[in-house]
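Reminder, nothing fancy here: chain letters follow the sequence lines and each chain counts from 1.
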Number of protein chains: 2
Amino acid sequence: MDNDTRHVYFTFFNEIGIIAQLSRAAMEARLPKGLTLPHFSVINHLIRVRDGQTPLTLARAFQVPKTTMTHTLSGLLEHGLVEMRPNPKDGRSKTVWLTDAGRTFRAAAIQSSDPDIDALQAAFPKQKVEQMLPLLAEIRSFMDAYRDP
Amino acid sequence: MDNDTRHVYFTFFNEIGIIAQLSRAAMEARLPKGLTLPHFSVINHLIRVRDGQTPLTLARAFQVPKTTMTHTLSGLLEHGLVEMRPNPKDGRSKTVWLTDAGRTFRAAAIQSSDPDIDALQAAFPKQKVEQMLPLLAEIRSFMDAYRDP
DNA sequence: TGATTTTAGTTCGATTTCGCACTATTTAGT
DNA sequence: ACTAAATAGTGCGAAATCGAACTAAAATCA
């Protein structure tokens, strides 16, 4: 493989990694003490996608190991942002449900990020960012399918 | 702020975060035991940008805390991939220099990723990815400047 | 139907990440 | 020139992340 090709893809992932680092730091600076981006992301996911998901589907959605998700969920439990119930479809499994505190937390977190989103939008208008989304989603989906089982 | 706007930017960062997670896992699966993406990234940076940088500039480049970079560098030292020398311009500081082993490691790591890059390129041709780079670099640069000191 | 294989979530321990605090050095202000 | 403030890198401890191993339940196979 030629070095120019490698450079393009390595640069892409390098930028992605740094933006991920920066956005995580920015988001976490706005969250209440003890709550991190993974906490927010799970709550947001339960609202946007579907409440009552299993730990495994959540771990898969975020591409983290099961144990990482177990840890994240236990943090959410401690803060009373979710509750866990048995999974009626699978005796080994549980389902994760939002509490009112969870919904309130998410609304506050999003609102607290408004200044950051405002600043970002001033420099990168919504349409510009939005036009990247399909390709990013495709890349993410491709890599998700590509990874080892 | 309207929810549609929020959704665009939150979705963008969500995709970024997951792609970062996936690419990190893929890369680390190819690296020798004990070496992680941050190790590779520092070596790659020293080659692509400039050898002999200070821990602080490296931490800034990757948007990680100084202590994280200290830890990463100590791993590189242990593996003999870099060496540290005093910084002639600043008595508090050091400079990080590649060893031959470091250069060899980087070349091997890049080559070992070729199958992954091949697969990715088949689905997302180089030009398509390359056209995203300027905007990603701008977003990264903007967020870098925007963050608290 | 029973045996075998696979799997969901957790425990455990190791590693990585990160904030706080520190020392020695540098920079900025008077 | 001297003092005060800021800073580079590190030690320390806590939290987050992650792989290995495990148990109980589900899925698959004969």
Side-chain angles (χ1 to χ4, degrees), chain A residues 17-18 20-29 31-42 52-79 82-96 147-149, chain B residues 17-18 20-29 31-42 52-79 82-96 147-149:
Chain A
I18 299 177
Q21 190 74 26
L22 282 163
S23 57
R24 181 171 182 162
M27 187 70 203
E28 287 179 355
L31 296 179
K33 190 169 163 75
L35 291 168
T36 62
L37 182 63
H39 294 129
F40 169 78
S41 299
V42 167
Q53 295 194 46
T54 67
L56 185 63
T57 58
L58 290 169
R60 292 237 170 96
F62 295 105
Q63 297 297 336
V64 297
K66 290 187 290 183
T67 43
T68 301
M69 186 50 69
T70 297
H71 183 90
T72 301
L73 292 176
S74 75
L76 289 173
L77 276 173
E78 278 165 25
H79 284 88
V82 300
E83 64 185 18
M84 301 261 246
R85 302 176 198 155
N87 182 352
K89 299 180 190 171
D90 186 337
R92 303 166 299 184
S93 184
K94 303 180 173 185
T95 49
V96 186
R147 67 179 297 187
D148 275 357
Chain B
I18 299 178
Q21 189 74 25
L22 283 164
S23 58
R24 179 170 183 161
M27 185 73 205
E28 287 179 356
L31 296 179
K33 189 166 163 74
L35 291 168
T36 61
L37 182 64
H39 294 130
F40 169 79
S41 299
V42 167
Q53 296 194 44
T54 67
L56 185 64
T57 58
L58 290 170
R60 290 234 171 100
F62 294 105
Q63 297 297 337
V64 297
K66 290 186 292 182
T67 44
T68 302
M69 184 52 68
T70 298
H71 182 92
T72 302
L73 292 176
S74 76
L76 289 174
L77 277 172
E78 279 165 23
H79 284 88
V82 299
E83 64 185 19
M84 301 262 244
R85 302 176 199 155
N87 181 352
K89 299 182 190 173
D90 187 336
R92 302 166 299 185
S93 183
K94 305 179 172 186
T95 49
V96 186
R147 66 179 297 188
D148 273 359

Side-chain touch B:Leu58/B:Leu73, heavy atoms, less than 4.5 angstrom: yes

Side-chain (B:Glu28) to main-chain (B:Leu37) donor-acceptor, under 3.5 angstrom: yes

Rounded distance (nearest 0.5 Å) linking atom NZ of A:Lys66 with atom CZ of A:Arg60: 8.0 Å

Rounded distance in Å - CG (B:Leu37) to C1' (D:dC18): 15 Å

Separation of A:Thr54 OG1 from A:Asp90 CG (nearest 0.5 Å): 8.5 Å

Approximate separation, where rounding is to 0.5 Å, of B:Thr68 OG1 and B:Gln63 CD: 12.0 Å

Touch class at under 4.0 angstrom, heavy-atom based, for A:Gln21 against every strand present: sugar-phosphate

A:Gly91 vs B:Pro55, nearer the 5' end of DNA chain D by closest nucleotide: B:Pro55

Atom pair distance, as rounded to whole Å: CE in B:Met84 and P in D:dA8: 15 Å

Spacing of B:Arg24 atom CZ relative to D:dG19 atom P, expressed in whole Å: 10 Å

Side chain proximity check, B:Met84 to B:Val96, heavy atoms < 4.5 angstrom: yes

First encountered from the 5' end of DNA chain C, between A:Thr54 and B:Lys89: A:Thr54

Length of the CD-P vector between B:Glu28 and D:dT17, whole Å: 14 Å

Sugar-phosphate only, base, or nothing, as touched by B:Asn87 at under 4.0 Å among non-hydrogen atoms: nothing

Distance (rounded to the nearest 0.5 Å) between B:His39 NE2 and B:His79 NE2: 7.0 Å

Near-strand residues of residues 60-78 of chain B, defined as heavy-atom separation under 4.0 angstrom from DNA chain D: B:Lys66, B:Thr67, B:Thr70

Atom-pair distance (CG on B:Leu56; P on D:dT10), nearest Å: 11 Å

Gap between atoms CG and P, on B:Asp90 and D:dT7 respectively (whole Å): 12 Å

Atom pair CG/OG1 of A:Leu56 and A:Thr70 - distance to nearest 0.5 Å: 10.0 Å

Distance, nearest 0.5 Å, that separates CZ of A:Phe62 from CD of B:Gln21: 11.0 Å

Contact boundaries on DNA chain C for chain B, cut-off under 4.0 Å to non-hydrogen atoms: C:dT16 to C:dT26

